[in-house]
Amino acid sequence: MYCIIVTLIALAYIFWDVNYFLRIAFTIGLGRLFQKKCGVNDTTTIYGFCTTQDVDIFLKHMNNARYVRELDFARFHFYDRTGIYENIKAVDGHALQGASSIRYRRTIPIFSAYKVETKLAYWEDKTLFIEQKFITLNDGFVRAVVLSRQNLINVDTETLFRGIPGADQKPECPEEIKHWLQAIEISSARLRKKE
Ligand SMILES: *[C@@H]1O[C@H](CO)[C@@H](O)[C@H](O)[C@H]1NC(C)=O
C-alpha cells in the first residue's frame, strides 16, 4: 500500500509540476483563511523565499523563469481576493496573459525572502494591465518590476468588476504603459506583414 502511494506521488511529480499546483492552492487558501477581501484599487501581497529549486546554474540567485512563475501565483491571489475570479467564472470567461515586460533590476539571492506586490495599473474594455513588483524583505529594494497585459475572453471589465469596490475611478494610463502599447502595436504589425 505504502509502495503504491509513493509510486503515485513520484509519477505525479514526473508528469506534472506538482509544486506549481500546491503553491496555487496554498496561496489562495491562505488568502481565503486569513486575508480580507479587497477592492480593485488595492495592492495585494504574497510572500516567497528563494530556495535551492529556484536558482540558476551559478546556484547563487533566482533564475529568470522563476519570476514569471511567481507572477501567476500573485495574480491568481489578486483575482481571488478582489472577487474578479468569481466574476470571470460566473460568465465562463477567461483572462489570458497576452504580453509581459520584466525589468530585472537586481538579483534575488538564494535563501532570501521577498514579496510580490500586485496592482491593477490600468484597464480597457477587454484588457487589464497589471503591475507587479518583487521586493526583498531585508532591504525593501524593488528587485524586479513587471507589466502584464491580460486579455479578457468572453467577458469585459464592466462584468469583471461587478460588485467589487474601487472601480469607480479609472486610473490615468501610466506613461510606461502608453509607450509599451505602442511597442506592442509595432511588433504586431511587423509580424502580420510577414505572415
Ligand atoms: C479604493 O476605492 C474605495 C471606493 O471608491 C475607496 O473608499 C478606497 O479609499 C480606495 N482605496 C485606495 C487604496 O485607494
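We count ligands from 1, going down the list as the structure has it; atoms in each ligand are counted the same way.
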Using 4.0 Å as the upper bound for N to carboxylate O, is an ion pair formed by [Y] and [X]?
X	Y	answer
Arg81	Asp42	no
Lys89	Glu86	no
Lys115	Glu117	yes
Lys133	Glu131	yes

Phe73 vs Tyr20, ring-ring contact (aromatic ring centres under 6.0 Å, His included): CA-CA, chis, key distance, verdict = CA-CA 9 Å; Phe73 309 136; Tyr20 178 88; 5.3 Å; yes

message = A cation-pi test, strictly: NZ or CZ of Arg106 under 6.0 Å from the centre of the six-membered ring of Phe141 and no more than 45 degrees from its axis. Yes or no?
response =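 Yes, cation above the ring, under 6.0 Å and within 45°.
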
task = Run through ligand 1 for me and note each protein residue having a heavy atom under 4.0 Å from it, chain first, then residue number.
result =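 Asn41, Asp42, Gly166, Asp168.
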
